[in-house]
Number of protein chains: 2
Amino acid sequence: MPSPDPVLSKFGIHVRNLRETQDLTQEQLAERAKLDITYISGIERGLRNPSLLSLLRLAKALGVSLKQLTEGVEL
Amino acid sequence: MPSPDPVLSKFGIHVRNLRETQDLTQEQLAERAKLDITYISGIERGLRNPSLLSLLRLAKALGVSLKQLTEGVEL
DNA sequence: TTGTGACTCTTAGTCCGTT
DNA sequence: AAACGGACTAAGAGTCACA
């Protein structure tokens, strides 16, 4: 497993905020996005660098657009 | 090499439009984004599924935000 | 409920070339 | 200038048992 990346961490925190705002558990989000719960966990901790297709599934599961999902995330 | 994906193709076309609007060659964009030219080519043809970090580098190289880069891309 | 390490398999991403 | 191919290494996708 990679070590946390600052950019990915910022993204992960944002995902976590979006998830908690909707009172979802990681497990519920994982189910909706058809992703593994440990994968969600890794994303929220900034350990994963998801692909465009994964981002889209995540956005859909959270009921937000890709632009909302990546709000404030920059290099 | 994978076959083109409809979602990735839409994204690739958008990248190509952004690039051509700025009169950049694939090579110039590749250089700016620090990505391989063949990889840029694959992205524009919908054959590649870039990671979040690559998307950010691409956005920066094109001088657009991530939201602009992914405009209209949905599952 | 979430974090973590370890794992396999696939793909991201690079580099060589030719058309 | 760009498409396309092969071969390659690094890293992401996706899953598991367990803390």
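The chains referred to below are lettered A, B, ... by the order of the sequence lines, with proteins before strands, and numbering in each begins at 1.
For the atom pair CG of A:Asn49 and CG of B:Leu55, the computed distance is 8.5 Å after rounding to the nearest 0.5 Å. Considering CD of B:Glu31 and CD1 of B:Ile37, their distance stands at 10.0 Å, rounded to 0.5 Å.
Across the protein-nucleic acid pair, A:Ile37 atom CD1 and C:dG3 atom C1' stand 10 Å apart, rounded to whole Å. If you take CG of B:Leu55 and C1' of C:dA12, they are 12 Å apart, rounded to a whole angstrom. Rounding to whole angstrom units, CG of residue A:Leu56 and P of D:dA13 are separated by 12 Å. Regarding A:Glu31, its CD atom lies at a distance of 14 Å from the C1' atom of C:dT1, rounded to whole Å. Rounded to whole Å, the distance from CG on B:Leu8 to P on C:dG13 is 12 Å. The distance from atom NZ of B:Lys34 to atom P of C:dC15 is 14 Å, rounded to the nearest whole Å. Taking atom CG of residue A:Asp5 and atom P of nucleotide D:dA11, one finds them 12 Å apart after rounding to whole Å. Between B:Tyr39 atom OH and D:dT9 atom P there is a gap of 19 Å when expressed in whole angstrom units.
Between B:Glu71 and A:Lys67 a salt bridge is recorded (basic side-chain N to carboxylate O distance below 4.0 Å).
Look at B:Arg45 and you'll find a side-chain N or O under 4.0 angstrom from OP1 or OP2 of D:dC4. Between A:Asn49 and D:dG12 there is a side-chain N or O to OP1 or OP2 distance below 4.0 Å. Regarding contacts with the backbone of D:dA3, a side-chain N or O of B:Arg16 is found under 4.0 angstrom from either OP1 or OP2. Dashed line: the shortest gap from a side-chain N or O of A:Gln26 to OP1 or OP2 of C:dG3 is under 4.0 Å.
One can find a donor-acceptor pair under 3.5 Å joining the base of D:dG14 and the side-chain atoms of A:Arg48. Side-chain atoms of A:Thr38 and base atoms of D:dC16 include a donor and an acceptor less than 3.5 Å apart.
Contact of the A:Leu52 side chain with the B:Val7 side chain is not registered, since no non-hydrogen atoms from C-beta on lie closer than 4.5 Å.
Residues A:Leu47 and B:Ser41 each lie close to DNA chain D; by heavy-atom proximity, the contact nearer the 5' end of the strand is made by B:Ser41.
Between B:Leu35 and B:Ser54 the shortest heavy-atom distance is CD2-OG, 4.2 Å.
Note on B:Arg57: nothing from the nucleic acid sits closer than 4.0 angstrom, heavy atoms only.
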